[in-house]
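To start, the structure itself, in structure tokens.
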Amino acid sequence: MKKALGIIGIFAAIFIVACIFGENFLTGINLMQLTQRAALYSILALGASLVIVTGGIDLSIGSVVCLAGIMTPWLLVEHEWAPAQVIPTVLLMSAFIGLCHGLLVTRLRLQPFLVTLCGLLLYRGIARWMTGDQTQGFMGEFGEVRAIALTKFAIPGIENYRIPSTVIPMIVLAVLIGLFFSRTVWGRWLLATGRNESAARYSGVPTAWLVTMSYVACSLLAGFGGMLFIFDIGSAQPSDFGNFYELYAIAAAVLGGCSLRGGEISVIGVVVGAATLQVLRNTIILVGLSSQLEFAVIGAVLLVGVAADELIRRFNARRLERTGAAASA
Amino acid sequence: MKKALGIIGIFAAIFIVACIFGENFLTGINLMQLTQRAALYSILALGASLVIVTGGIDLSIGSVVCLAGIMTPWLLVEHEWAPAQVIPTVLLMSAFIGLCHGLLVTRLRLQPFLVTLCGLLLYRGIARWMTGDQTQGFMGEFGEVRAIALTKFAIPGIENYRIPSTVIPMIVLAVLIGLFFSRTVWGRWLLATGRNESAARYSGVPTAWLVTMSYVACSLLAGFGGMLFIFDIGSAQPSDFGNFYELYAIAAAVLGGCSLRGGEISVIGVVVGAATLQVLRNTIILVGLSSQLEFAVIGAVLLVGVAADELIRRFNARRLERTGAAASA
Amino acid sequence: AGDLVQAQKDRIAAYKAKPKAKSHVAFVSNGVADFWTIAKAGAIAAGKELGCDVTVEFPGGGLGDQKRMLEDLLIKGIDGISVSPIDPTNQAEVLAMVAEKSLLITNDSDAPNAPRLCYIGMDNYDAGLMCGKLAREGCKGGKVAIFIGRLEQDNAKRRRQGFIDGLLGRTPDPTRYDEPSKVFTEAGYTIVGTWTDSFDRAKAKANIEDVMIKHPDLALMTGLFEYNSTLAVEVIRQTGKEGKVQLAAFDEGADVIAGIKEGFVLGTVVQDPYGYGFESVKVLNAFTKGDMSMVPASGVINIPARVIRKDNAESFWKDLKAKLKAGKEAGAKK
Amino acid sequence: MPDEKPVLLRVRGVGRRYAGVTALAGIDADVRGGEVLAIVGENGAGKSTLLKILSGVVQPSDGSLEVADASGALRAVELDGVRGATKAGIALVHQELNLAENLDVAGSIYLGREPSRLGWMDTRRMRREARRWLDLVGLDVDPSTPCGSLPIAQRQLVEIAKALSTESRILILDEPTSSLTHREADRLLEIMSALRARGVAVVFVSHHLDEVMRIADRVVVLRDGRKTGELARGEYDRAMVERLMVGRDIAPSMRRAANGAAPVRLRVEGLVSAHRRRAPMSFEVRAGEIVGLAGLVGAGRTEALEAIAGVSPHGGRVLVDGLEVTGGSSVRVRRGIAIVPEDRARNGLFLEDAVSVNMSLAWVDRSSRARLVDRRGERGLVARMIDRMQLRPPHPARRVQTLSGGNQQKSVIGRWLAIDPAVLLLDEPTRGVDVGARAEIHAEVRRLADAGSAVVFASSELEEVLLLADRILVMHEGTVAGELAAHEASEVAIMHLATGGSAAHGAKEHA
Ligand SMILES: Nc1ncnc2c1ncn2[C@@H]1O[C@H](COP(=O)(O)OP(=O)(O)OP(=O)(O)O)[C@@H](O)[C@H]1O
Ligand SMILES: Nc1ncnc2c1ncn2[C@@H]1O[C@H](COP(=O)(O)OP(=O)(O)OP(=O)(O)O)[C@@H](O)[C@H]1O
Ligand SMILES: [Mg+2]
Ligand SMILES: [Mg+2]
């Protein structure tokens, strides 16, 4: 929780700016769409944080999003599979990708950066080759499947705002991962492995297995996220769908308090981190800044945010030290 | 040298395949163009390796390439500055960017990944905003400045193949960096800092200063590389110029034997790593594979290459252990 | 779709009774390019002339980004949107949403099945055809290579097919489709392939260089996106192949025009993005006053492409520069 | 009768080879329940390797292990990994610290064996039970404290508590007392006897032969990877063990007289380190003087040394040769202040680098011309230092990681002895160093002092403080509680001051 305070502060600041300067920011439909986007990116960011906690990194998230997202309509529309076959197939494929990463990292001891960078190139390449660079879409059909990501639940008493269905898997995942790290033995082991692999190994923790499972979970969530993304958007092009999503996911995780050295995580932080990025993008348009400036503004705001967070933290630490000294003198 | 053996083997294998299956691969003009590309990317990769050796990472390389590359014709053509003003200005700006990264990393102790990710967004954003998303080019002029990157030197006795001028800065840089690490005290210190920052500090190494200088050098080389790229290409668009170049640079460095944990570098390896990626791309076209498959092929070849390298290494280590035992028994 | 079109028409009828004093319309491109900057100049000039607010958006990140921008514009509350859909067949929902909440027209690439009130632009197939005919005049046979940013977009596919049909002298048929990976010979021309680069210029240049290496006897190239042609000129210059490889260009890159003037580029097919922007705003603004008279029965407002050859290159270039300057000033003001 | 004690673990012909070295060869030994087995030997003799093989961390190249099953019958086993060893009832405390610093104390103790149901952890119970083991080793910290914030001695106690909490039949301790002070070490020895009384087999390594003398029932002596002797209690004396270890007699190190009139080289005025210390400390050290810092765990010796070296922020002034030094460690090293840190793995060594790189790091700066490394000179220096420090094996290209603990320590000290610093600060200089090498290190430190340097060292071994120091500063709660000249100091006097008694009283009592 404490680690998440910084990003919560940044989020709050952006939110307030958006309320004051953004046209129609605080309307139900805008908040609804923001919730949807935040939920989708959170799922990816949670996956990324599972690998980051082991001290690794997964650069292939965006490409797995692409492959899983492209395969879904491709199998449904071009190959006329039933949805009940497609969804498990795509998820299994994603998990298998993660398994390969995990085994290459733990058994062959290759650097995670390199393995998943190859993955980044490979899976997008496969998606492009498979579809011949053709946009894949649902052609206006499969409404009942796409409802998984498109349903909105009304809240009694509140108008305009309805809860997007993607929030459900996001919350379930966040709670599960939170409990995993705070309450279960395996979560504990994973934290120890991330910080000091040999200490964990010497304590009898099956580190290789745990790290492999983290990669599996990360890719599985990326594949799941990719499916939700395509349900939401309706169609995608293999050559650009999911581009850079790994950076958004990793950025959200790191903003949310994960250290790339491993062994640290804050689930709330990660979710808020993912939401922050989406609110920021939305704010830029609603405030009326030119979309050319979007990147520059995101970069600048994040940088100022984390720097301010660090300075505040230091200031507090110093004050604590001083008052602590006074008390004991 | 030993660390570079793996990538040299991969390079050789690809080269042989290209010679056998690629149409006109071994023609002078193709090799000349390949040399040009390898030299350009090597400059970026050398910069990346300087930061990687400290245990950091620079994701902003591509955006610095973009900003520096875009600014060069922008200042020359739109603002009608003299080339003798433009080049120092652009290089100084690049160095300043690196200085900011270095100070944020060493003084504020922010994570390099986060700082340079913000940079990635910020500098491209600035480039887009500055130019109003307009393509910047030399309008067919400034031939004498562009000659920096476009001149080709004939080798007496050899026809068809002439040495591109970009090879000169590349070789000079590679030799300087090689000597820096093997011969100078600062090089030693930088390696030590990358290995164990805290131990280096206890040994009196000015770690913060050295790390900061690495970021400066990395951004400076990225800016210099960006300038050469635009001299070579002639025009570029702020929204896509240099996209992903950081990943190519980092991949080249890692393939070439740098560990992302820091403290290891092989200059030859980095240069060969950068060349490998370019030869691979060229081979794919000359062999006649569809350009859709390009990514997939690069990803797969690299993955197989590094995995094979690792397996061979292990096999050798095991043999050594066995024979070493025989010798001492 | 019919219902939504009718609903929009009803709203326009309602405007007739109570015209909007100052309307706010938007122009959304399909990506980021010079082409669109010129269109933006047109849109802003029209806004100034007609006294309405204009927002111009360039989505840089593909479909998802375009969807996001349209959503955000609707939230902002916009009276009408002119959009260049990246992939009309698969963007039905988002286009329907625009039609539901606002007034929808398309530019540059059409979405005939979407509830759009009209389309402003030219037919990319026809423009491709023009380019193909230009090439056929200048080059009597041999190996032909096609370079294009990417083939995912509908307009890119149609442009390429038009080029092939025009070059080979086939009877025009927009529904025809030649596989990009297929190498075939017809009417004395061998199409050796189509290369894409996902908008990476360094890669695009490498493509051209590599193909020229692979086929030293290449007779003709075409770059179907603006930068493909610009880079082709660059490579021809650098390798000293002026006149040895013919180039039929697309769009108005500075180097391309220079090449035409020098004589080693056959010519180029240019569109009128300024017109797209200007007409889009004009039509949308008229809608908010209850006026639909500008829309012909076909629903297509044609702003045809032109072929620029050595004779008209100079005057075209002057005119373009003036428009670009206006566009930049408009951009700076925003 | 010793023979009646049941054999729990039998080692037969065990050996281990690494590329180019034989770390261990042909070891036979029995580990019996209800017995304390000490393993002694020089640095690099193969003690840690043997213990790692016994606990499944390292696989032997040849030979076999037999473990007694429930009925007491010995059965050959292959311990692959820690899990197997744990199942066989074997627990190991490593020589180097191995804690995940992001876990709390209780979490570290129970890592891998958390009380749980279906994977669901019972944190409350874990903390409660951890308390018991912490009390046993005498560590008074809250079980929910993160390990990262504990000083090294307390971490060592956590590791011991962790091993005890497994309640194994066979407990293996690799230099458990090396970072503990007297008091905690005594307590540990008591715990070991209690365990012995309960029938547990205890195997331990120590370079403190007095500890071995006090508690071991049997001693196995290793030299160069081979067993050179196995002696039961009563069969040996100290000199005999030393001879078996080293192959010769060790000359006792000698006290020396310092020159009281030499100029002051290091002066510390009103030093307060940044971690809420209460009283400022001041002292001075003359050229040629060796000053020892004594005190209990957590008394602030490490903090004081690190502050002087400039690796942690502080208030007050530090002067070398009368001129104030400020700034970070890089400035101070150039002014001649060098520190050998307490935690060598974390702050001292570049584990993946070669011995030569580790040893020449400071020297290359001093001897560089135009910032260029004198590579020929470097090779010569490394060869000299390896010889001077008696590094084993004496290969400059070897990665420091593969050296034994004591040899790692020698390479850190060698780094500084190579440049003759004006002020040398040593924090636990001989942790994990064998008796012979300790005498050599002491001799080197004295040689440095004789050449005019000022030396300050902190040690938790009173014996070492008394032996090496010319003057002793006793620290209590972060400041100097009293000062004793070498000739008037005794263990009693030091302990009196270290626990908060007044200086005058301590000195008088001693007198
Ligand atoms: N991983 C390794 N690779 C190569 N050699 C090794 C490795 N581990 C240990 N050795 C070598 O094996 C020998 C025995 O080392 P070991 O750590 O067992 O000594 P030790 O008796 O515990 O010494 P110390 O008292 O200094 O701790 C040493 O020469 C050491 O260099
Ligand atoms: N970075 C820090 N932050 C907070 N407290 C600290 C820090 N470093 C040390 N301390 C505290 O200061 C006290 C003194 O620690 P120090 O390591 O200097 O003691 P020491 O006398 O060297 O004992 P030891 O025998 O453990 O080395 C300890 O109680 C420790 O918990
Ligand atoms: Mg040992
Ligand atoms: Mg200490």
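The structure presented is a predicted model; accordingly, all values stated were derived computationally and were not measured. Proteins get letters first, then strands, A, B, ... in listed order; numbering begins at 1 in each.
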Within 6.0 angstrom of D/Asp224 CG, more than 12 heavy atoms from elsewhere: no
Interface moiety of D/Arg415 toward chain B, non-hydrogen atoms closer than 4.5 Å: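 For D/Arg415, the side chain is the part near chain B, not the backbone.
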Atom pair CG/CG of B/Asn196 and D/Leu351 - distance to nearest 0.5 Å: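 It comes to 7.0 Å.
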Winner by heavy-atom pair count (cut-off under 4.5 Å) against chain B, out of D/Asn347, D/Val333, D/Val340, D/Ile339: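 The option with the most such pairs is D/Asn347.
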Top contributor to chain D interface from B/Thr207, B/Leu191, B/Val205, B/Thr184 [non-hydrogen pairs under 4.5 Å]: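 Max contact count across the listed options: B/Thr184.
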Proximity breakdown for B/Ala208 and chain D, heavy-atom pairs closer than 4.5 Å: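 Contact with chain D: none, neither part.
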Nearest heavy atoms of D/Arg346 and B/Ser198, plus distance in Å: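 Result for this residue pair: O-OG, 3.5 Å.
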Atom of D/Trp416, atom of B/Tyr202 and distance for their closest heavy-atom approach: CZ2-O, 3.7 Å
Members of residues 355-375 of chain D whose heavy atoms come closer than 4.5 Å to chain B: D/Ser360, D/Leu361, D/Val364, D/Asp365, D/Ser368, D/Arg371, D/Leu372, D/Val373, D/Arg375
Contacts with chain B made by residues 400-414 of chain D (heavy-atom distance under 4.5 Å), listed by residue number: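 Against chain B, none of the residues of residues 400-414 of chain D fall inside the cut-off of heavy atoms under 4.5 Å.
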Any side-chain heavy-atom pair of D/Ser330 and B/Trp209 under 4.5 Å: no
